[in-house]
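Positions are given from 1 along the sequence. Start at 1 and go down the list; that is how both ligands and their atoms are numbered.
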Amino acid sequence: MHVIETDLQGVVILEPQIFGDHRGYFFESFSQREFAEKVCETVFVQDNESKSSYGVLRGLHYQLPPHAQSKLVRVIRGTVIDVAVDIRRESPTFGRHVAVELTGENHRQLFIPRGFAHGFVVLSDEALFQYKCDNFYAPQCEGAIAYDDPALGIDWRLPASDIVVSEKDRHHPLLRDAVLFNGVLY
Ligand SMILES: Cc1cn([C@H]2C[C@H](O)[C@@H](COP(=O)(O)OP(=O)(O)O[C@H]3O[C@H](C)C(=O)[C@H](O)[C@H]3O)O2)c(=O)[nH]c1=O
């Protein structure tokens, strides 16, 4: 597995070693040993899967401490732009984001540590999205910020008219207000 640093400390891209042959391909999609050796010691406790059609945007979500989650995300089929936003108020990269294209072909994964909001948008007709979390779902501690907050400057690569969100994701605060009204994000 090859690890690629990003502009945000701790957010890394993982490129697994793919073994292709006349039958197709094989790769280890996750190894606790290699992850601990090359990324960090964390124990994932929950696997999630979601399927979304073209234009669906899920995010920008996070869980507040003590239920904050690190996530290891990947696309089984399709293409997404996956985004992590630093929401740690004391961080020198507070409010900065990385955006990475994850596809069923490039097999890339993104590790998003605790302290980041996460979301993705689907560029293909459909995307099958799978991810590991190192803390359980805690809806009472869910937080979110507006995916289209101008201060974040995220290029979702689609016309706004193509973006499809849940009713919930239509009404999240700007990061600036979330800091004010959510108190400490982190
Ligand atoms: C996240 C989650 C949801 N659910 C249930 C709750 C709802 O009845 C249903 C759909 O939930 P939601 O609309 O919050 O799903 P997403 O919009 O994909 O939320 C996720 O979107 C972004 C991309 C994230 O990184 C988070 O993991 C998560 O917030 O699944 C569960 O039972 N367990 C869970 O861990």
Side-chain angles (χ1 to χ4, degrees), residues 6 8 10-14 29-30 35 39-40 42-88 91 93-104 106 108-149 152 154-158 160 162-175 178 182 185-186:
T6 69
L8 298 182
V11 179
V12 294
I13 298 166
L14 309 183
S29 52
F30 178 72
F35 190 85
V39 183
C40 67
T42 190
V43 177
F44 294 107
V45 295
Q46 180 178 316
D47 269 13
N48 295 336
E49 177 176 315
S50 63
K51 185 176 82 169
S52 309
S53 43
Y54 168 76
V56 166
L57 192 155
R58 296 176 185 254
L60 293 161
H61 304 158
Y62 56 92
Q63 291 192 170
L64 289 163
H67 301 281
Q69 296 170 312
S70 293
K71 296 165 189 167
L72 178 59
V73 307
R74 70 190 185 109
V75 169
I76 308 276
R77 186 174 62 245
T79 299
V80 312
I81 298 296
D82 199 79
V83 172
V85 181
D86 188 350
I87 56 172
R88 299 165 301 175
S91 166
T93 55
F94 174 74
R96 298 248 318 265
H97 73 276
V98 293
V100 181
E101 186 171 293
L102 305 178
T103 79
N106 69 22
R108 281 184 149 192
Q109 303 179 11
L110 188 63
F111 177 65
I112 302 144
R114 297 179 181 187
F116 290 78
H118 174 244
F120 67 89
V121 70
V122 178
L123 303 184
S124 48
D125 289 342
E126 186 181 83
L128 197 54
F129 194 83
Q130 193 270 336
Y131 55 112
K132 295 179 170 306
C133 304
D134 71 350
N135 223 341
F136 292 108
Y137 179 53
Q140 74 282 11
C141 289
E142 270 194 317
I145 53 177
Y147 69 91
D148 55 355
D149 182 343
L152 301 181
I154 299 171
D155 178 5
W156 292 106
R157 305 257 297 274
L158 289 180
D162 281 7
I163 291 180
V164 178
V165 293
S166 64
E167 193 47 39
K168 164 181 93 167
D169 283 349
R170 218 178 287 284
H171 308 293
H172 295 315
L174 300 178
L175 177 59
N182 259 1
L185 286 184
Y186 276 84

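- There is a protein heavy atom less than 4.0 angstrom from atom 26 (C) of ligand 1.
- Atom 19 (O) of ligand 1 is flagged as protein-proximal [any protein heavy atom, distance under 4.0 Å].
- Distances from ligand 1 to the non-hydrogen atoms of Y131 include at least one value under 4.0 Å.
- Using a 4.0 Å cut-off between charged nitrogen and carboxylate oxygen, D134 and R114 count as a salt-bridge pair.
- Distance screen at 4.0 Å: atom 9 (C) of ligand 1 has no protein heavy-atom neighbour inside the cut-off.
- Ring geometry for F129 versus H118: interplanar angle under 30°, hence parallel rather than tilted (30 to 60°).
- Between R157 and E101 there is a salt bridge, since at least one side-chain N of the basic residue sits less than 4.0 Å from a carboxylate O of the acidic one.
- Between D86 and R88 a salt bridge is recorded (basic side-chain N to carboxylate O distance below 4.0 Å).
- Scanning all heavy atoms of the two residues, the minimum distance from P113 to F116 falls at O-CD1, 3.3 Å.
- Within the 4.0 angstrom cut-off, atom 2 (C) of ligand 1 has one or more protein heavy-atom neighbours.
- In terms of protein heavy-atom proximity, atom 7 (C) of ligand 1 is closest to Y137 OH, 4.6 Å.
- When each of D149, V98, V85 is tested with I154 by the rule side-chain contact (heavy atoms from CB on, under 4.5 Å), just one qualifies, namely V85.
- In terms of polar-atom proximity, D169 is not counted as a contact of ligand 1, lacking any N or O under 3.5 Å from an N or O of the ligand.
- Heavy atoms of V73 found under 4.0 angstrom from ligand 1: none, in either backbone or side chain.
- Heavy-atom proximity to atom 14 (O) of ligand 1, evaluated over K71, K168, Q63, is greatest for K168.
- V39 and F111 make their closest contact through CG1-CD2, 3.8 Å (heavy atoms, listed as atom of the first residue, atom of the second, distance).
- With hydrogens and angles disregarded, no donor-acceptor distance shorter than 3.5 Å links the side chain of E49 to the backbone of Y131.
- In this structure, Q46 has a heavy atom closer than 4.0 Å to ligand 1.
- Taking a 4.0 Å cut-off on heavy atoms, E142 registers as neighbouring ligand 1.
- Two residues are said to be in side-chain contact when any heavy atoms from C-beta on lie closer than 4.5 Å; T6 and V12 fail this criterion.
- Distance screen at 4.0 Å: atom 30 (O) of ligand 1 has no protein heavy-atom neighbour inside the cut-off.
- The ligand atoms of ligand 1 that sit less than 4.0 angstrom from a heavy atom of H118 are 23 (C), 24 (C), 25 (O).
- Put simply, the side chain of S166 gets close to the backbone of D169: a donor and an acceptor are under 3.5 Å apart.
- Distance from atom 21 (O) of ligand 1 to its nearest protein heavy atom, with residue and atom name: H61 ND1, 3.0 Å.
- At the top of the distance list for atom 16 (P) of ligand 1, counting protein heavy atoms only, stands R58 NH1, 3.7 Å.
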